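Notes follow the structure.
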2 protein chains.
Amino acid sequence: MQGHDPAARPPFAVTVDLVVLTVRREEMCALVVRRGSPPFCGRQALPGGFVRVDEDLETAAKRELREETGLADFPGHLEQLASYGDRHRDPRMRVVSVAHLVLAPDLPDPRPGSDAAEACWAPVSTLLDDPQRLAFDHHRILVDGVERARAKLEYSPLATAFCPAEFTVHELRRVYEIVWGVALDPRNFHRKVTGTPGFLARTGRTTTRGGGRPAQLYRRGEVPLLNPPMLRPDRAGQPVPADPAAR
Amino acid sequence: MQGHDPAARPPFAVTVDLVVLTVRREEMCALVVRRGSPPFCGRQALPGGFVRVDEDLETAAKRELREETGLADFPGHLEQLASYGDRHRDPRMRVVSVAHLVLAPDLPDPRPGSDAAEACWAPVSTLLDDPQRLAFDHHRILVDGVERARAKLEYSPLATAFCPAEFTVHELRRVYEIVWGVALDPRNFHRKVTGTPGFLARTGRTTTRGGGRPAQLYRRGEVPLLNPPMLRPDRAGQPVPADPAAR
DNA sequence: CCAAAAGTGTTCTTACTACACCCATGG
DNA sequence: CCATGGGTGTAGTAAGAACACTTTTGG
């Protein structure tokens, strides 16, 4: 914070980029837009845009999210991820991007934003396969966002951000299985999440939407931390197990 | 990344701020400078400065660190912490600061940097006591940095970044105790760190610098993750236990 | 000898794993 | 009735907590 010589504070552009993750059709998906102008014209990219002089970083992230998804006040979770400011990450100029991570329930299909030629959900596995698929350094940002999301499921109630307001233990378990790419024992999982005080709140209602015996519907509880954490099994190369009840 | 209208990319200043932590004299300390110019003239602040147009963020952080500590290639750890960009965090202009976290062994007293009127180590407890003590939003940045450091000790070998190149199990345990503010059982701690393959590497040498029976000297091992993690006991209000062997 | 710190062994307890088993619904 | 998923019980195991005890130095 020293060095007040104006020459010592070169101008930067500051952007926010969004890693918006959801679970839909038994897959973890990310929101991507199709770029309509150079550089990387026609390539896919994470949604994002310039921060305005009169708005905070989180405000800018929420505004971009609203512009891309068309949702005024969306349910879900938003947090800062990290900043990316390599000298040549944008060939046009010096840009520092403050990436944010958003976890959302299965939203209605996004409405293309003003500048984005196209916005859609893309399976994360596809996006991660090819490091060149996304423009700029967005592949790295996506990798970091996905890893952050996976890690946070272990010790936080954030998996519920992928679920609708009311959900069954089965649906919550599917989130863990799909995001982590592992199979979890349904019975032990049930005991773990229902046995941790404050993690889930019963609504008293039940549903049979999964078939079989009616399941309790829960809402997210009030505890901010899951302790002891949910243990992530070794990812021993197994593909994501399919859910027979998958629609 | 949309919106290429030049009017849509207002100029920002980008800085790096540093949370440099060390353990010295049985206390966790942070590097602070005394500001020599307004705003907050005369107040303490975290070291930092403007990012130059031709350097990456991490390069800028390392440069600032070198300028403040006078060490060309310091031992320790540096990682990005988070970015702080509230509209009015700097009264002069719009600034986004990318904070970095540095964990260092007990270094020689810092050499005041070019722009800093004074640089010194201050106990973190003192700095955290008064939210107004540090300039700008540096109190918040420090809180976040300390919390990150505390969390990372649990599942990473980063506590060794606070130690000299060769250290005893006792010294490593004191790092955990001081950073966490808890007492740990020396015998269980010993079993844990020496029993986790790859966490520590024996040098074969011993030392009696703590008094008593000679202790093995270790170097940091090669594993990047401590699994299962070191469990942080409930901080039940006890003050940091003093080490009778404290110098 | 004693004090102090290093390091090992043993018991108790917690919490996860694996899996048998029963429950409640729809068709 | 049967299929399907919901939910409980229980035995085995991994690992932390607590603490008794032996080892090796300095004074």
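By convention in this document, chain letters (A, B, ...) are assigned in the order of the sequence lines, proteins followed by strands, and residues within each chain are numbered from 1. It should be emphasised that the depicted structure is a prediction, and the values quoted were computed from it without experimental measurement.
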Closest-nucleotide ordering on DNA chain D, the 5'-leading residue of Ala215(A) and Gly211(B):
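Mapping each residue to its closest nucleotide by heavy atoms, the 5'-most match is Ala215(A).
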In whole angstrom, what separates [X]'s [atom1] from [N]'s [atom2]?
X         : N       : atom1 : atom2 : answer
Glu171(B) : dA5(C)  : CD    : C1'   : 12 Å
Leu226(A) : dA15(C) : CG    : P     : 12 Å
Phe189(B) : dA17(D) : CZ    : P     : 12 Å
Arg209(A) : dT25(C) : CZ    : C1'   : 16 Å
Leu217(A) : dG7(D)  : CG    : C1'   : 15 Å
Arg202(A) : dG7(D)  : CZ    : C1'   : 11 Å
Gln216(A) : dT8(D)  : CD    : C1'   : 14 Å
Asp185(A) : dG6(D)  : CG    : P     : 13 Å

In terms of the nearest nucleotide of DNA chain C, which residue is placed more toward the 5' end: Arg213(A) or Lys192(A)?
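The answer here is Lys192(A).
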Pairwise 5' ranking along DNA chain C for Gly212(B) and Arg191(A), keeping only the more 5' one
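This one resolves to Gly212(B).
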I want to check something: taking the side chain as every heavy atom from C-beta on, are Leu31(A) and Leu18(A) in contact at a cut-off of under 4.5 Å?
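When only atoms from C-beta onward are counted, Leu18(A) and Leu31(A) do not touch, as no gap falls below 4.5 Å.
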So Asp144(B) and Tyr84(B), do their side chains get closer than 4.5 Å, heavy atoms only?
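Touching, per the 4.5 Å side-chain cut-off.
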So, Arg173(B) versus His170(B): side-chain donor-acceptor pair below 3.5 Å or not?
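Their side chains do contain a donor-acceptor pair, which is all the 3.5 Å distance test asks for.
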Give a yes or no on this: more than 12 heavy atoms of other residues, nucleotides or ligands lie within 6.0 Å of atom NZ of Lys152(A).
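Counting other residues, nucleotides and ligands, NZ of Lys152(A) exceeds 12 neighbours.
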Choosing from [options], which nucleotide comes nearest the side chain of [X]?
X         : options                  : answer
Thr208(B) : dT25(D), dG7(C), dC19(D) : dT25(D)
Asn188(B) : dT25(D), dA17(D), dG7(D) : dA17(D)
His170(A) : dG6(D), dT24(D), dG7(D)  : dG6(D)

I want to check one thing: is the phosphate of dT8(D), taken as OP1 and OP2, less than 4.0 Å away from some side-chain N or O of His190(A)?
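For dT8(D), OP1/OP2 do have a side-chain N/O of His190(A) under 4.0 Å.
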For Glu166(B) and Arg209(B), run salt bridge (Lys or Arg N to Asp or Glu O under 4.0 Å): C-alpha distance rounded to whole Å, both residues' side-chain angles, the deciding distance at 0.1 Å, then the answer.
CA-CA 12 Å; Glu166(B) 298 192 358; Arg209(B) 62 187 179 222; over 6 Å; no
